[in-house]
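The block underneath contains the structure these notes are about, expressed in structure tokens.
Along the sequence shown, residues carry numbers from 1. Computation of the quantities below employed the complete heavy-atom set of this structure, encompassing side-chain atoms and omitting hydrogens, waters and symmetry-equivalent molecules. Indexing begins at 1, ligand by ligand and atom by atom, following the structure's order.
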Amino acid sequence: MIAPRMRDLVLLGAGGHARVLLALMRAAGYSVLGVCDPHLASSGASRWEGLDVLGDDAALLDRLGPERVALVLGIGQLSTGSLRERLYDLWRGRGYAFPALVHPAAWIAGDALLSDGVQVMAGAIIQPGCAIGENSTINTRASIDHDCHIAAHVHVAPGATLCGSIHVDEGAFIGAGSVLVQGVRVGERAVVGAGTTLVRDLGPRQIIIGGAPRIRAKPAAES
Ligand SMILES: CC(=O)SCCNC(=O)CCNC(=O)[C@H](O)C(C)(C)COP(=O)(O)OP(=O)(O)OC[C@H]1O[C@@H](n2cnc3c(N)ncnc32)[C@H](O)[C@@H]1OP(=O)(O)O
């Protein structure tokens, strides 16, 4: 993990996810040099949310090399599409660093491992024994319990609850408010719909949505 204070940060993108990250960076006291966004640049705007608009990608490459700035990926990730992943790989390939960012109101166990580019939003909890892969987002108030392994480019959306010892493979999307019971595995690029409870493994590229609750009697031995 690269210490965020080593270099000034430049925010890529100016949508809702970028605004949440800007709030995180300000709350954590990071130094933000400005924002790069093709739409802002083409509109001629010089300021956005109190930041200087630095221009589009070309401006960044021309004026602010990877030795001067580190990047923050302000593009969110929905259940479809992989723009965020492609941009991350593109800029990494150009030599730029993406420090892991953690909101000061998140709680992360001392032994949890956060890879480069991980973004942990306000209210999130990451318990002992967890590892979070590159460019993954643990969004607002999501909860990752002990010994979970989250691969790269995963989005755990707001309020999702992952119980212990869960594996989430690369590029998967865990919807808002979903609950994953202990020990399940979510396959590569699979999608867990918002509010869904996952009780068994989900294969690669599978989507699970909702699911009817069932009522049954408890075994006699249980009171
Ligand atoms: C900060 C942020 O905002 S981060 C973003 C967080 N957002 C989320 O977590 C949203 C996650 N996305 C979802 O849950 C989506 O609905 C998906 C990906 C599971 C499915 O999307 P789509 O394939 O586009 O499904 P679509 O909208 O066409 O709905 C298909 C059917 O499933 C139902 N449905 C869709 N999602 C859900 C859900 N999460 N729970 C229950 N039912 C659902 C729809 O009502 C529809 O039912 P119908 O056929 O009877 O009309």
Side-chain angles (χ1 to χ4, degrees), residues 11-28 32 35 37 39 48-49 72-88 98 100-108 114 117-126 130 132-145 148 150-163 166-181 184-215:
L11 182 59
L12 298 183
H17 190 71
R19 293 204 345 268
V20 172
L21 285 165
L22 181 57
L24 180 162
M25 291 187 281
R26 286 181 170 150
V32 190
V35 58
D37 181 87
H39 301 297
W48 175 83
E49 300 280 334
V72 174
L73 192 45
I75 312 292
Q77 176 192 354
L78 290 177
S79 58
T80 53
S82 54
L83 176 63
R84 180 182 166 86
E85 185 174 334
R86 281 188 277 121
L87 287 175
Y88 181 82
F98 287 82
L101 295 181
V102 177
H103 194 287
W107 190 85
I108 303 196
L114 305 186
V118 166
Q119 298 170 343
V120 184
M121 305 311 193
I125 295 175
I126 302 178
C130 290
I132 316 293
E134 264 186 274
N135 192 37
S136 286
T137 304
I138 310 301
N139 221 323
T140 312
R141 219 170 41 76
S143 167
I144 315 287
D145 225 289
C148 285
I150 312 285
H153 313 300
V154 168
H155 183 178
V156 180
T161 300
L162 276 64
C163 298
I166 285 169
H167 281 76
V168 180
D169 293 337
E170 187 166 315
F173 178 90
I174 311 297
S178 59
V179 175
L180 280 58
V181 304
V184 295
R185 179 167 210 129
V186 176
E188 203 172 308
R189 303 194 193 284
V191 174
V192 178
T196 299
T197 300
L198 183 70
V199 298
R200 50 182 65 93
D201 292 356
L202 189 63
R205 296 182 183 275
Q206 287 189 323
I207 300 178
I208 181 169
I209 302 177
R214 300 181 196 183
I215 299 174

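Within a 4.0 Å radius of atom 22 (P) of ligand 1, the protein contributes no non-hydrogen atoms. For atom 15 (C) of ligand 1, the nearest protein heavy atom lies 4.0 Å or farther away. For atom 30 (C) of ligand 1, the nearest protein heavy atom lies 4.0 Å or farther away. The presence of a protein heavy atom under 4.0 Å from atom 40 (N) of ligand 1 is confirmed. Put simply, atom 45 (O) of ligand 1 has no protein non-hydrogen atoms near it, under 4.0 Å away. Protein heavy atoms come within 4.0 Å of atom 36 (N) of ligand 1.
Atom numbering of ligand 1 starts at 1 in the shown order; those under 4.0 Å from a heavy atom of P158 are 1 (C), 4 (S). Ligand 1 places these atoms under 4.0 Å from at least one heavy atom of G175: 9 (O). Every atom of ligand 1 with a heavy atom of I209 under 4.0 Å away is listed here by number and element: 19 (C), 20 (C), 34 (N), 35 (C), 36 (N), 37 (C), 38 (C), 40 (N), 41 (C), 42 (N), 43 (C). The ligand atoms of ligand 1 that sit less than 4.0 angstrom from a heavy atom of G193 are 14 (O), 19 (C), 39 (N). Taking every non-hydrogen atom of S79 and a distance limit under 4.0 Å, the qualifying atoms of ligand 1 come out as 18 (C).
Residues F173 and Q77 come closest through the heavy atom pair CE1-O, 3.4 Å. Closest heavy-atom contact between A157 and A142: O-CB, 3.9 Å. V120 and A106 get closest at one heavy-atom pair: CG1-CB, 3.8 Å. Scanning both residues, L11 and M25, for their nearest heavy atoms gives CD1-CE, 4.1 Å. Taking each heavy atom of A18 and W48 in turn, the nearest pair found is CB-CH2, 4.2 Å.
In summary, of the residues considered (D145, V156, I144, L162), a side chain to side chain contact (heavy atoms under 4.5 Å, CB included) with L180 occurs for L162 alone.
Remark: the backbone N or O of A152 is not paired with any side-chain donor or acceptor of N135 at under 3.5 angstrom. R84 contributes a side-chain N or O that, together with a main-chain N or O of I75, makes up a donor-acceptor pair within less than 3.5 Å.
At a threshold of 4.5 Å between non-hydrogen side-chain atoms, the residues L114 and I126 count as touching. Side-chain contact between F98 and Q119: absent, with no pair of heavy atoms (C-beta onward) separated by less than 4.5 Å.
By the 3.5 Å distance cut-off applied to N or O atoms, A176 is counted among the residues near ligand 1.
At the shortest separation from atom 5 (C) of ligand 1 among protein heavy atoms lies L78 CD2, 4.0 Å. Nearest protein neighbour of atom 11 (C) of ligand 1, counting heavy atoms only, is F173 CE2, 3.5 Å. In this structure, atom 6 (C) of ligand 1 lies nearest to the protein heavy atom A157 CB, 3.8 Å.
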Acceptor/donor pairs from residues 186-198 side chains to any protein atom, 3.5 angstrom cut, sequence neighbours excluded:
| from | atom 1 | to | atom 2 | distance (Å) |
| --- | --- | --- | --- | --- |
| R189 | NH1 | E85 | OE1 | 3.0 |
| R189 | NH2 | E85 | OE2 | 3.0 |
| T196 | OG1 | G193 | O | 3.0 |
| T196 | OG1 | G210 | N | 2.8 |

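With a 4.0 Å cut-off on non-hydrogen atoms, H155 touches ligand 1 through its side chain and not its backbone.
By the neighbour-count criterion of 12 heavy atoms within 6.0 Å, atom CZ of R26 is densely surrounded, having more than that number from other residues, nucleotides or ligands.
Taking a 4.0 Å cut-off on heavy atoms, G195 fails to register as neighbouring ligand 1. By the 4.0 Å heavy-atom criterion, T196 is excluded from the residues contacting ligand 1.
For atom 12 (N) of ligand 1, the candidate residues are G76, A160, A194, G177; the nearest heavy-atom contact is made by A194.
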